[in-house]
Amino acid sequence: PGGAIVRGETLPPAPGPPARALPRPRGGREGIPAGLPPGATAGNKTGTWEGLTHDIGFVEAPGGTYVIAVLSAHGWVWDPIARISAAAWN
């Protein structure tokens, strides 16, 4: 389903805009964007709860766009997500 979201294909039950059309966050580069080189294009959505930190998004890389999701059992700890993002980019 992640690829369908990036391509703008509708998924039941409620269609919405493609992820690429959503505004990109301005400000801090936490999670997935923190692991990318400067100037890389990405859109992501974080989720944090006590003891959990998650991030899901898409990255427009030179070889093509990919979807990445990282679920972590560490509350408000972004470095592991950034390292996984960097590894996926590389």
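Sequential numbering from 1 along the given sequence is applied to the chain's residues.
- His54 contributes a side-chain N or O that, together with a main-chain N or O of Ser72, makes up a donor-acceptor pair within less than 3.5 Å.
- Contact detail for Gly75 and Thr53: the closest heavy-atom pair is C-OG1, 3.4 Å.
- Residues satisfying the side chain to side chain contact (heavy atoms under 4.5 Å, CB included) criterion with Pro37, sequence neighbours excluded, are Ala40, Trp89.
- Without hydrogens or angle criteria, Thr65 side chain to Glu60 main chain gives no donor-acceptor distance under 3.5 Å.
- Applying the salt bridge (charged side-chain N to carboxylate O under 4.0 Å, His left out) rule to pairs touching residues 71-90 yields Asp79-Arg83, sequence neighbours excluded.
- Pairs engaging residues 48-59 under the salt bridge (charged side-chain N to carboxylate O under 4.0 Å, His left out) rule: none recorded [sequence neighbours left out].
- Transitive grouping of hydrophobic side chains (ILVMFWY, heavy atoms separated by less than 4.5 Å) keeps Val70 and Val67 in distinct clusters.
- For residues 64-73, there are no salt bridge (charged side-chain N to carboxylate O under 4.0 Å, His left out) pairs, not counting sequence neighbours.
- Remark: His74 engages no residue in a ring-ring contact (aromatic ring centres under 6.0 Å, His included) (not counting sequence neighbours).
- By the rule that hydrophobic residues join a cluster once side-chain heavy atoms approach within less than 4.5 Å of another member, Ile81 and Trp76 end up as members of one cluster.
- Note that CD1 of Ile32 and CH2 of Trp78 are 9.0 Å apart. Values are rounded to the nearest 0.5 Å.
- Ala88 is linked by a side chain to side chain contact (heavy atoms under 4.5 Å, CB included) to Tyr66, Ile68, counting only residues two or more places apart in sequence or in another chain.
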